[in-house]
Trainee: 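Sharing a structure with you now.
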Number of protein chains: 2
Amino acid sequence: MKVLTKNTDYAIRALLSLAGAKGEFVSARAISLEQDIPYQFLRRLLQEMIRYGLVSSKEGAAGGFRLARDPDTIRVTELIGIYQGPVRVSECMFRKQICANRARCVLRHEIMRIEQVVQQEFEKVTIGKLLADLDAQNARIAAAGIPSGERGESDALSVSTKKPERTEKQ
Amino acid sequence: MKVLTKNTDYAIRALLSLAGAKGEFVSARAISLEQDIPYQFLRRLLQEMIRYGLVSSKEGAAGGFRLARDPDTIRVTELIGIYQGPVRVSECMFRKQICANRARCVLRHEIMRIEQVVQQEFEKVTIGKLLADLDAQNARIAAAGIPSGERGESDALSVSTKKPERTEKQ
DNA sequence: TCTAATTGATACCAATTTAGTATCAGTTAT
DNA sequence: ATAACTGATACTAAATTGGTATCAATTAGA
Ligand code: FES
Ligand code: FES
């Protein structure tokens with residue numbers, strides 16, 4: 001079972017890039033490279049974000065995207081809502097009928113309780129919080145005395161990652 | 001987002017039928033009708049359950065399935081594990097690499113925490129508990145003075161359910 | 001002993017969702 | 001002018017989920 005799909009995951013990381021840029025416009029291309037997200041896929045995600053008022057954009061050369069809201073107000077739940085629909089534990093809530101069968105309906109109490117719990121937990125996680133955690137982590141790495149040359153684009157902790165080298169036009 | 005897929009949902013309901021039969025063998029056909037689960041689909045689910053030791057079967061005419069374990073020990077988490085794989089909030093755990101990128105890794109703490117919460121919540125729900133809830137619910141309906149003729153197979157609370165009348169051979 | 005109901009085992013198909021690619025038109029800093 | 005962008009959208013591929021069909025072996029009961 002997979003709670004976060006790629007697009008939500010990508011969206012979070014893209015927003016982290018923007019949050020890190022502190023108001024500067026960042027191009028989709030730059031985010032794509034920084035976070036290793038397929039370029040065109042990312043662009044669609046960003047368009048979605050614009051529609052939902054999460055980011056704003058500047059067209060043309062030297063254009064790009066920046067956050068349109070305080071990162072502390074952008075919750076993972078909201079992103080899940082945008083990219084995966086609202087968190088539903090079972091389908092039965094989607095039906096326009098109430099309790100087509102009793103057995104499943106018994107599940108309903110439990111299901112709704114768990115839905116709430118999941119919702120609440122994700123509600124606690126904001127882009128701002130994640131960014132703070134990220135900064136703290138980086139600070140820790142720096143403090144550990146690793147020479148700055150060692151911690152470049154590719155993660156020092158990764159194990160032989162030889163990316164499959166996606167080829168992509170445009 | 002959907003946490004419980006059809007097969008898990010079906011599996012739970014099938015087990016509820018078996019738990020209700022108190023040791024008697026119940027045929028796949030009977031369960032299929034009682035719970036409105038596609039017959040062949042259900043059979044596959046039951047085979048899975050046998051493999052995992054949840055139920056046992058008797059072949060031949062008058063054969064069927066019955067629980068092989070105490071319903072109180074059968075947890076929804078276990079069923080999710082069987083039919084949907086273990087609960088994973090994000091994919092990053094599947095990769096054989098540790099933290100291909102730092103940004104996503106920050107998510108990891110939160111992700112693991114939430115995974116645990118979901119796990120724990122579903123862990124609390126057993127077939128035995130669901131059956132007890134179901135019985136309590138039925139008792140309540142009976143106590144409400146509804147004549148027994150009124151509460152047959154089709155749920156009294158359902159709203160115009162006119163099943164699409166699945167046609168199915170065998 | 002014949003037969004109908006049943007499980008065992010699999011192979012297959014359809015629908016949906018998720019992931020990723022391509023393209024063209026319009027905008028703008030340089 | 002032009003290269004680097006966004007806006008919009010159409011398309012394709014892969015994976016997952018949901019469902020159907022078939023055939024063989026088993027068994028209770030008429
Ligand atoms: S609410 Fe969905 S079956 Fe009762
Ligand atoms: S653990 Fe998956 S990216 Fe760090």
Side-chain angles (χ1 to χ4, degrees), chain A residues 1-11 13-14 18 24-33 35-51 55-66 68 80 82-85 88 90-91 94 164-170, chain B residues 1-11 13-14 18 24-33 35-51 55-66 68 80 82-85 88 90-91 94 164-170:
Chain A
M1 206 219 65
K2 190 174 45 183
V3 177
L4 293 187
T5 58
K6 285 279 188 197
N7 39 20
T8 308
D9 182 82
Y10 287 164
R13 284 154 56 197
L18 295 184
E24 293 292 302
F25 282 101
V26 184
S27 73
R29 176 66 67 192
I31 299 172
S32 165
L33 293 174
Q35 301 282 2
D36 192 33
I37 301 171
Y39 177 64
Q40 296 293 1
F41 200 148
L42 171 64
R43 299 226 297 131
R44 250 196 349 215
L45 299 179
L46 286 165
Q47 294 296 320
E48 241 356 45
M49 290 188 210
I50 286 182
R51 252 165 252 137
V55 304
S56 58
S57 63
K58 187 171 79 172
E59 278 184 285
F65 302 84
R66 68 179 170 194
I80 292 178
I82 293 172
Y83 294 108
Q84 309 179 206
R88 294 284 134 194
S90 137
E91 277 182 323
F94 295 145
E165 201 63 58
R166 261 185 299 101
T167 41
E168 199 179 351
K169 286 180 185 173
Q170 191 175 162
Chain B
M1 205 219 65
K2 191 172 44 183
V3 176
L4 293 187
T5 57
K6 285 276 188 198
N7 38 20
T8 307
D9 183 81
Y10 288 163
R13 283 154 58 195
L18 295 184
E24 293 293 302
F25 282 100
V26 184
S27 73
R29 176 66 68 192
I31 299 173
S32 165
L33 293 173
Q35 299 282 1
D36 192 33
I37 301 172
Y39 177 63
Q40 295 293 1
F41 200 150
L42 171 63
R43 299 228 297 132
R44 249 193 354 211
L45 299 179
L46 286 165
Q47 294 296 321
E48 255 328 66
M49 290 189 211
I50 286 182
R51 250 164 255 140
V55 305
S56 58
S57 63
K58 187 172 79 173
E59 276 184 286
F65 302 84
R66 68 178 170 195
I80 292 178
I82 293 172
Y83 295 108
Q84 310 178 205
R88 295 283 133 196
S90 135
E91 278 182 321
F94 294 145
E165 201 64 58
R166 259 185 299 100
T167 42
E168 199 178 352
K169 286 181 186 174
Q170 193 177 167

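Scope of the values below: all heavy atoms of this structure, side chains included, with no hydrogens, waters or symmetry mates. Sequence lines set the chain letters: A, B, ... in the order given, protein chains first and strands last, and positions in each chain run from 1. Keep in mind that this is a model prediction, so the values were computed, not measured.
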Trainee: When you check the phosphate oxygens OP1 and OP2 of D:dG18, does a side-chain N or O of B:Thr5 lie under 4.0 Å from one of them?
Mentor: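 For D:dG18, OP1 or OP2 has a side-chain N or O of B:Thr5 closer than 4.0 Å.
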Trainee: Using the test side chain to side chain donor-acceptor pair (under 3.5 Å), find all partners of A:Ser27 that sit at least two apart in sequence or belong to another chain.
Mentor: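 For A:Ser27, no residue satisfies side chain to side chain donor-acceptor pair (under 3.5 Å) once neighbours in sequence are set aside.
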Trainee: What pairs with A:Arg66 under side-chain contact (heavy atoms from CB on, under 4.5 Å), at least two apart in sequence or on another chain?
Mentor: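 Partners of A:Arg66 under the side-chain contact (heavy atoms from CB on, under 4.5 Å) test: A:Phe25, A:Ser56.
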Trainee: I want to check a possible cation-pi pair here: A:Arg44 against A:Phe41, using under 6.0 Å from ring centre and within 45° of the ring axis as the test.
Mentor: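 Yes, A:Arg44 lies over the aromatic ring of A:Phe41.
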Trainee: For A:Ser57 and D:dC5, is the shortest distance between a side-chain N/O and OP1 or OP2 below 4.0 Å?
Mentor: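 For D:dC5, OP1/OP2 do not have a side-chain N/O of A:Ser57 under 4.0 Å.
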Trainee: Considering only nitrogen or oxygen atoms on both sides, find all protein atoms under 3.5 Å from nucleotides 9-16 of chain D and state each distance.
Mentor:
{"from": "D:dA10", "atom 1": "N6", "to": "A:Arg44", "atom 2": "NH1", "distance (Å)": "3.3"}

Trainee: Restricting to nitrogen or oxygen on both sides, can you table the protein-nucleotides 25-27 of chain D pairs closer than 3.5 Å?
Mentor:
{"from": "D:dT26", "atom 1": "O2", "to": "B:Gly60", "atom 2": "N", "distance (Å)": "3.4"}
{"from": "D:dT27", "atom 1": "O2", "to": "B:Ala61", "atom 2": "N", "distance (Å)": "3.2"}

Trainee: Just by distance, do the side chain of A:Gln84 and the backbone of A:Val3 share a donor-acceptor pair under 3.5 Å?
Mentor: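 Indeed, once roles are kept as given, a pair shorter than 3.5 Å links the two residues.
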Trainee: Who pairs with A:Glu59 by side-chain contact (heavy atoms from CB on, under 4.5 Å), at least two apart in sequence or on another chain?
Mentor: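 Scan of A:Glu59 (side-chain contact (heavy atoms from CB on, under 4.5 Å), adjacent residues dropped) gives none.
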Trainee: Return the nearest nucleotide to the side chain of B:Pro38; candidates are D:dC5, C:dT7, D:dG19.
Mentor: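 The nucleotide sitting nearest to the side chain is D:dG19.
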Trainee: Which one, D:dT6, C:dA19, C:dT6, comes nearest to the side chain of B:Arg29?
Mentor: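 The answer is C:dT6.
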Trainee: How many Å lie between CG on A:Asn7 and P on C:dT18, as a whole number?
Mentor: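 To the nearest whole Å, that distance equals 8 Å.
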Trainee: Figure out the CG/P separation between B:Leu4 and D:dT17, and round it to whole Å.
Mentor: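 Computing the B:Leu4:CG to D:dT17:P distance gives 12 Å.
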Trainee: Using whole Å, report how far CG of B:Leu42 lies from P of C:dG8.
Mentor: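 In whole Å, C:dG8 P lies 12 Å from B:Leu42 CG.
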Trainee: Let's see if you can work this out: which of C:dT21, C:dG8, D:dC5 has an atom nearest to the side-chain heavy atoms of B:Ile50?
Mentor: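 Side chain of B:Ile50 sits closest to C:dG8.
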Trainee: Round to the nearest Å and state the distance from A:Tyr83 atom OH to C:dT17 atom C1'.
Mentor: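 Nearest whole value for this atom pair: 17 Å.
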Trainee: I need the CD-P distance between A:Glu48 and D:dT6, as an integer number of Å.
Mentor: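 From A:Glu48 CD to D:dT6 P: 16 Å.
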Trainee: Quick one: side-chain contact (heavy atoms from CB on, under 4.5 Å) partners of B:Ala62, sequence neighbours excluded?
Mentor: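 For B:Ala62, no residue satisfies side-chain contact (heavy atoms from CB on, under 4.5 Å) once neighbours in sequence are set aside.
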Trainee: How many whole angstroms separate atom NZ of B:Lys6 from atom C1' of C:dA14?
Mentor: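 Checked: the NZ to C1' distance equals 15 Å.
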Trainee: Say whether, by atom type as modelled, one donor and one acceptor occur between the side chain of B:Thr8 and the main chain of B:Tyr83 under 3.5 angstrom.
Mentor: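 It does not hold such a pair.
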Trainee: Is any side-chain N or O of B:Tyr10 closer than 4.0 Å to OP1 or OP2 of D:dG19?
Mentor: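 Checking B:Tyr10 against D:dG19: at least one side-chain N or O falls below 4.0 Å of OP1 or OP2.
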Trainee: Figure out the CD1/P separation between B:Ile80 and D:dT17, and round it to whole Å.
Mentor: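 Nearest whole value for this atom pair: 12 Å.
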Trainee: Round to a whole Å and report the spacing from CD1 of B:Ile37 to C1' of D:dG19.
Mentor: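 From B:Ile37 CD1 to D:dG19 C1': 13 Å.
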Trainee: Is A:Gln35 reaching over with its side chain to a backbone N or O of A:Tyr10, donor-acceptor style, under 3.5 angstrom?
Mentor: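 No, because the side chain of A:Gln35 does not come within donor-acceptor range (under 3.5 Å) of the backbone of A:Tyr10.
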Trainee: Among C:dG20, D:dT6, C:dT7, which nucleotide has an atom closest to any side-chain atom of B:Phe65?
Mentor: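 Closest nucleotide among those given: C:dT7.
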Trainee: Nearest heavy-atom pair of B:Leu46 and B:Ala28: which atoms, and what distance?
Mentor: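 What the structure gives for the nearest pair is CD1-CB, 3.8 Å.
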Trainee: Name all residues meeting the side-chain contact (heavy atoms from CB on, under 4.5 Å) criterion together with B:Ser57; count only those two or more places apart in sequence or in a different chain, and write none if there are none.
Mentor: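 Only B:Ile50, B:Phe65 meet the side-chain contact (heavy atoms from CB on, under 4.5 Å) criterion with B:Ser57.
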